[in-house]
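Note: hydrogens, waters and symmetry copies are ignored here, and every other heavy atom, side chains too, is used. What you see is a predicted model, and the numbers here were worked out from it, not measured in a lab. Numbering of ligands and ligand atoms starts at 1, following listing order.
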Amino acid sequence: MKKLEQLYEGKAKKVFATDDPELFIVDYKDDATAFNGEKRGTIVGKGVINNKVTNFLMQKLEKEGVPTHFVEQLSDRETLVKKVSIVPLEVIIRNISAGSFSKRYGVEEGIVFDQPTIEFSYKNDDLGDPLINDYHALALKLATAEEIETIKKYAFKVNEFLKAFMKENGIDLVDFKLEFGRLSDGTIVLADEISPDTCRFWDSKTHEKLDKDRFRRDLGHVEDAYQEILRRLMGE
Ligand code: TMP
């Protein structure tokens, strides 16, 4: 597989073309941003960890019946994925109050919900990824009604699997963000990443934060938290 020209550079990853028009290579960076890019920094080793954790979880999710863009890990930071066009919706599932939910509704962090919540943000940096509902997404033609139903079904399935799997490893899955893409034939698949950048993970016993909130909130020991997630999930 030949790595050809760079197609895109995001905040945490670069995407390259390959000699197969249906396959891309993603390359994970150590760059970290928060608050729509206002806060910038480096989390040493993050790219390697997020690549490995994402691929490990996506392979498990495939077995659970959630189709993903994953094809093959090529190196510590590079993965071969199916070419998708990203549906411009950030899909956020929450099991426990935290972050923007707590801020928006004026409640403390740590309230365990009776059932998970789902919300969408319109993936648009210029607008600051505003919260939108299904009707807005349809009006803006970001996805079809059928695609939105499929995305919701997969997102809740990811939650059921991931919540139980993390719990087995002593971690509470607080919330997370997913992105989906369309293959050339229109099939919806899980894309982007599932990592400490895009999930909130709290140690079940100590409630210690093991995710990017350590960077967002300057809590220190950011690298240690990412390493701990890799160790608990993959034993590395
Ligand atoms: P929030 O509480 O800030 O809305 O974040 C909810 C979840 O989504 C949390 O696990 C972090 C993740 N997230 C991203 O992956 N990217 C983002 O740009 C934001 C704002 C949140």
Side-chain angles (χ1 to χ4, degrees), residues 8-13 26 28-41 43 46-47 49-51 53-54 57-58 61 68-69 86-113 116-133 142 151-152 154-156 158-163 165-167 171-181 190-204 207-219 222 225-226 228-229 233:
Y8 174 76
E9 177 160 9
K11 297 191 194 101
K13 298 184 284 301
V26 293
Y28 286 72
K29 306 189 286 185
D30 284 352
D31 299 355
T33 65
F35 315 117
N36 202 18
E38 271 174 46
K39 181 183 172 87
R40 288 162 194 276
I43 302 174
K46 170 173 90 85
I49 293 174
N50 287 358
N51 186 34
V53 167
T54 296
L57 293 175
M58 285 205 179
L61 286 165
T68 78
H69 72 166
I86 290 286
V87 178
L89 292 171
E90 299 202 338
V91 183
I92 296 157
I93 299 260
R94 301 178 194 268
N95 297 302
I96 299 175
S97 64
S100 69
F101 182 96
S102 289
K103 198 168 174 207
R104 187 179 316 119
Y105 303 120
V107 296
E108 76 262 34
E109 299 201 318
I111 302 164
V112 180
F113 303 148
T117 68
I118 190 163
E119 74 211 36
F120 297 119
S121 291
Y122 175 25
K123 200 173 143 62
N124 183 319
D125 280 341
D126 293 341
L127 300 176
D129 298 341
L131 190 66
I132 61 168
N133 68 27
L142 305 183
I151 285 170
K152 284 184 185 170
Y154 288 155
F156 282 119
V158 170
N159 186 49
E160 285 316 302
F161 165 76
L162 197 58
K163 193 170 67 168
F165 183 70
M166 297 310 291
K167 195 74 190 170
I171 292 162
D172 289 339
L173 176 63
V174 175
D175 56 31
F176 58 94
K177 184 265 299 180
L178 302 175
E179 293 182 26
F180 291 86
L190 180 63
D192 194 50
E193 63 182 279
I194 310 177
S195 73
D197 267 18
T198 61
C199 303
R200 284 195 175 94
F201 296 134
W202 293 354
D203 183 281
S204 298
H207 302 295
E208 186 189 358
K209 296 183 198 311
L210 297 172
D211 57 60
K212 195 176 162 188
D213 270 350
R214 300 205 74 85
F215 169 79
R216 294 189 189 99
R217 303 178 188 189
D218 295 319
L219 300 176
V222 185
Y226 280 70
E228 179 64 13
I229 292 297
L233 297 189

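- Regarding atom 19 (C) of ligand 1, its nearest protein heavy-atom neighbour is Glu90 OE1, 4.5 Å.
- Below 4.0 Å from some heavy atom of Phe176 lie the following atoms of ligand 1, by number and element: 10 (O).
- The side chain to side chain donor-acceptor pair (under 3.5 Å) test with Lys177 singles out one residue from Thr198, Asp192, Asp197, and that residue is Asp192.
- Residue Asp197 has at least one heavy-atom neighbour below 4.0 Å for each of these atoms of ligand 1: 15 (O).
- Shown are Ile111, Val112, Leu173; of these, the side-chain contact (heavy atoms from CB on, under 4.5 Å) with Ile96 is made only by Val112.
- Ring geometry for Tyr154 versus Phe180: interplanar angle under 30°, hence parallel rather than tilted (30 to 60°).
- Looking only at protein heavy atoms, the nearest one to atom 21 (C) of ligand 1 is Arg216 NH2, 4.4 Å.
- Protein heavy atom nearest atom 15 (O) of ligand 1, with residue, atom name and distance: Lys177 CE, 3.1 Å.
- Of all heavy-atom pairs between Thr33 and Lys212, the closest is O-NZ, 2.6 Å.
- When all heavy atoms of Asp129 and Asn124 are compared, the pair lying nearest together is OD1-N, 2.9 Å.
- Remark: minimum distance from atom 1 (P) of ligand 1 to any protein heavy atom is reached at Ser100 OG, 3.3 Å.
- When the options Ile151, Val158, Asn159, Leu162 are evaluated for a side-chain contact (heavy atoms from CB on, under 4.5 Å) with Leu178, the one that passes is Val158.
- Counting heavy atoms from C-beta outward, Ile93 and Phe176 have side chains that approach closer than 4.5 Å.
- Close approach to Gly99 involves these atoms of ligand 1, each under 4.0 Å from a residue heavy atom: 2 (O).
- When distances from atom 6 (C) of ligand 1 to the protein are checked, a heavy atom turns up under 4.0 Å.
- How far CD of Glu208 is from CG of Asp203: 6.0 Å, rounded to the nearest 0.5 Å.
- For Asp129, no nitrogen or oxygen atom sits less than 3.5 Å from a nitrogen or oxygen atom of ligand 1, counting backbone and side chain alike.
- For atom 10 (O) of ligand 1, the closest non-hydrogen atom on the protein side is Asp175 OD1, 2.6 Å.
- For Arg94, the heavy-atom gap to ligand 1 drops under 4.0 angstrom.
- For ligand 1, the atoms lying closer than 4.0 Å to a non-hydrogen atom of Cys199 are 10 (O).
- Looking at Lys212 against ligand 1, nothing comes within 4.0 Å, counting heavy atoms.
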Test side chain to side chain donor-acceptor pair (under 3.5 Å) on Ser100 and Arg94 and set out the steps.
CA-CA 11 Å; Ser100 69; Arg94 301 178 194 268; 3.0 Å; yes
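- Residue-to-ligand polar distances place Arg200 within reach of ligand 1: an N/O pair is separated by less than 3.5 Å.
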